[in-house]
Amino acid sequence: MDKAEDLETLGEELYSLIHPKHKENAGKLTGMLLELPAPVLRQMVQDKATLSEGVEKALRALQLAQEPSKIPCKDDDDLSVSSDSLGEQLFELVDVYNTGHSQKITGMLLEQHKQAILNLLSDPKLLEEQVNFSLKTLKEQNMEGTGISDADDAERLGEKIFSLVEELDPLHANYITGDLQLCTYLNLINVKDVIP
């Protein structure tokens, strides 16, 4: 069976599992899930809990995309647009891709100007491109030995840093945490260049 046939079969199986509970959005949800890697899809077909989790994430992303009123449309200088709110919305959409690096990728994407983030929130194709690019960058870092090898430890560290920063500056916690993670990465690159 080639990849296209395998994907079609997985799509049909997913659709038949999703349709009974989500008749109106079964096609969209199935399409969103089919963007995930085939092993993840096979796991979803076999494990109802994994499928439910994936469907819930896709539903949240779909709801955010269908309700533009939840996405702020203000200028960069307008302080009423909460960085945390943008970060939370972006995280929900990034987490749909099940990369295992949702927090890191969200932090990377939050380094952009607010208008670019708003564009990501409203354009699923652009978001997918950015997530894939960020994931590729993370994988290249790990291959070069400059990234943290244990994704779970890195995620826990990021969460801990975020919680500490959030106590000090809740409005800018996402940006500061992202900056700290970026600085750590840049320091690792510099150390690698200095040590033979």
Side-chain angles (χ1 to χ4, degrees), residues 31-33 35-37 57-144 146-148 151-193:
M32 292 170 74
L33 293 176
E35 296 294 322
L36 299 171
K57 288 178 183 179
L59 273 172
R60 285 193 302 267
L62 187 60
Q63 288 168 347
L64 283 173
Q66 289 177 343
E67 297 178 23
S69 62
K70 286 188 172 182
I71 300 173
C73 295
K74 303 202 183 255
D75 294 334
D76 275 351
D77 297 333
D78 190 345
L79 295 177
S80 67
V81 176
S82 166
S83 301
D84 290 339
S85 173
L86 288 176
E88 290 167 6
Q89 291 176 40
L90 187 59
F91 178 82
E92 290 293 327
L93 295 173
V94 169
D95 200 37
V96 169
Y97 292 94
N98 285 332
T99 62
H101 303 284
S102 298
Q103 290 178 339
K104 284 184 181 181
I105 291 172
T106 301
M108 292 168 74
L109 297 176
L110 283 171
E111 294 296 317
Q112 303 177 60
H113 293 288
K114 283 187 183 178
Q115 189 57 50
I117 295 169
L118 293 172
N119 291 340
L120 290 173
L121 292 172
S122 62
D123 185 346
K125 289 288 184 197
L126 179 61
L127 177 64
E128 182 180 356
E129 290 172 8
Q130 292 290 312
V131 167
N132 288 334
F133 180 76
S134 298
L135 186 59
K136 179 181 173 191
T137 302
L138 288 172
K139 286 180 179 179
E140 287 172 358
Q141 288 174 2
N142 283 334
M143 288 176 149
E144 295 171 1
T146 59
I148 298 172
D152 292 335
D153 284 346
E155 296 243 354
R156 282 192 294 270
L157 178 61
E159 289 170 3
K160 182 66 176 172
I161 291 171
F162 177 81
S163 67
L164 293 171
V165 172
E166 189 176 40
E167 290 175 16
L168 300 171
D169 188 354
L171 184 62
H172 300 100
N174 283 327
Y175 290 114
I176 294 170
T177 302
D179 286 345
L180 289 172
Q181 289 175 329
L182 180 61
C183 288
T184 302
Y185 169 67
L186 293 175
N187 284 334
L188 287 172
I189 290 174
N190 290 337
V191 168
K192 182 183 175 207
D193 290 340

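The residues of the chain are indexed from 1 along the displayed sequence. Hydrogens, waters and symmetry mates play no part in the numbers below; they use all other heavy atoms, side chains included.
Residues L109 and L127 meet the side-chain proximity criterion, which asks for heavy atoms closer than 4.5 Å. Taking the side chain as every heavy atom from C-beta outward, V96 and R60 never approach each other to under 4.5 Å. Residues Q112 and Q130 meet the side-chain proximity criterion, which asks for heavy atoms closer than 4.5 Å.
The minimum heavy-atom distance linking A58 with M32 is given by the pair O-CE, 3.4 Å.
Atom CG in L120 sits 10.5 Å away from atom CD in Q115 (nearest 0.5 Å). Atom CG of residue L135 and atom NZ of residue K104 lie 10.5 Å apart, to the nearest 0.5 angstrom. Interatomic distance, CD of E166 versus CG of L171, reported as 11.0 Å (0.5 Å rounding). To the nearest 0.5 Å, the span separating CD on E92 from OG1 on T106 amounts to 9.5 Å. Taken to the nearest 0.5 Å, the CD atom of E88 stands 12.5 Å off from the CG atom of L93. Taken to the nearest 0.5 Å, the CG atom of L90 stands 10.0 Å off from the OG atom of S102.
Residues passing the side chain to side chain contact (heavy atoms under 4.5 Å, CB included) test with E128, sequence neighbours excluded: E35, Y97, K125, N132.
A salt bridge (charged side-chain N to carboxylate O under 4.0 Å, His left out) check over residues 93-103, counting only residues at least two apart or in different chains, returns the pairs K57-D95.
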